[in-house]
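Order of appearance sets the numbers: ligands from 1, and atoms from 1 within every ligand.
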Amino acid sequence: MKKSMNAIGMMDSGIGGLTVLKAVKALLSKESIVFVGDNARNPYGPRRPEEVVQFARQIAHFLIEKYDIKVFVIACNTATACALPVLQKELNIPVIGVIDSGAKAAVKTSQTGRIGLIATEGTVKSAKYQDEIHSLKPGAKVFAQAEPDFVQLVEKNTYQTTAAEEEVAEHLQDFGADKIDTLILGCTHFPLLTKSIQKAVGSGVKLVDAGAATAVDLAKSLKSMDLLDTESAAAASYELYTTGPVDAFEVIATDWLGQGDWHFAHLPVEELEQK
Ligand code: DGL
């Protein structure tokens, strides 16, 4: 049965999208959110773009059919890079990605125009960040590095260990020579590693969280489209689906989001494949 919640629908390839959810909830506390983390098919980063489009499309259809969502937020850089224009054409609700907001925030933050980007291999290869930054600031220099291993540190819940901190430091050491003043966390998993990343690149480099920048733009867009929930008397609700094991998802989610009225549920991949 279709639940009419007037909710914001969101997706990611796994845990990462919860960084966007947290930022959206902080700004828009009255809005109900339904989230799908596709942990069973994570990572999206090394997949063919057509496959990522298909996964994002299946999740959008699930959320539209079951929840009548009013907007679909692709809280995943890789899926934004692959699927945003396609889904904006196909779906009859607004579809919002994370890359434009992240690129815009980075250009605004950087004083020197030397901008680092860490993201999945799919996002780096798509060149969406590089193109958007150059269109906003033609003289900018973008130093892009794929960091697929960081996604696994988060998915496997080892991101708070000393070994993770050392791995991050080792991977990011080359940015020192690039003399960047701004680093884009171009994967929604990466804000969970903020402490280690900041330590690795030094306090002189400003980190830009593309998901947090998206939350600000989402609030503005919903307002301009007159889609903000100003009526709802009921408290906002949060339904969090994962295609992977619920227990593991719940542990990382509550650690990151804090205790709250979260409703966790399993969504079988087979159900998505029928969409
Ligand atoms: N969280 C995703 C992103 O923002 C991707 C991680 C992955 O599945 O490779 O790109």
Less than 4.0 Å from some atom of ligand 1, heavy atoms are found in residues D12, S13, N42, P43, Y44, G45, C76, N77, T78, T120, V151, C187, T188, H189
More than 12 heavy atoms of other groups within 6.0 Å of K275 NZ:
yes
Can you name the residues that form a salt bridge (charged side-chain N to carboxylate O under 4.0 Å, His left out) with K25, not counting sequence neighbours?
none
So, T120 versus T78: side-chain donor-acceptor pair below 3.5 Å or not?
yes
So, using salt bridge (charged side-chain N to carboxylate O under 4.0 Å, His left out) as the criterion, who are the partners of K125 when residues are at least two apart?
none
Side-chain donor-acceptor pairs of residues 84-94 under 3.5 Å, sequence neighbours excluded:
| from | atom 1 | to | atom 2 | distance (Å) |
| --- | --- | --- | --- | --- |
| Q88 | NE2 | V95 | O | 3.0 |
| E90 | OE1 | R57 | NE | 2.8 |
| E90 | OE2 | R57 | NH2 | 2.8 |

Which residue in the set L18, I15, V154 passes side-chain contact (heavy atoms from CB on, under 4.5 Å) when paired with W256?
L18
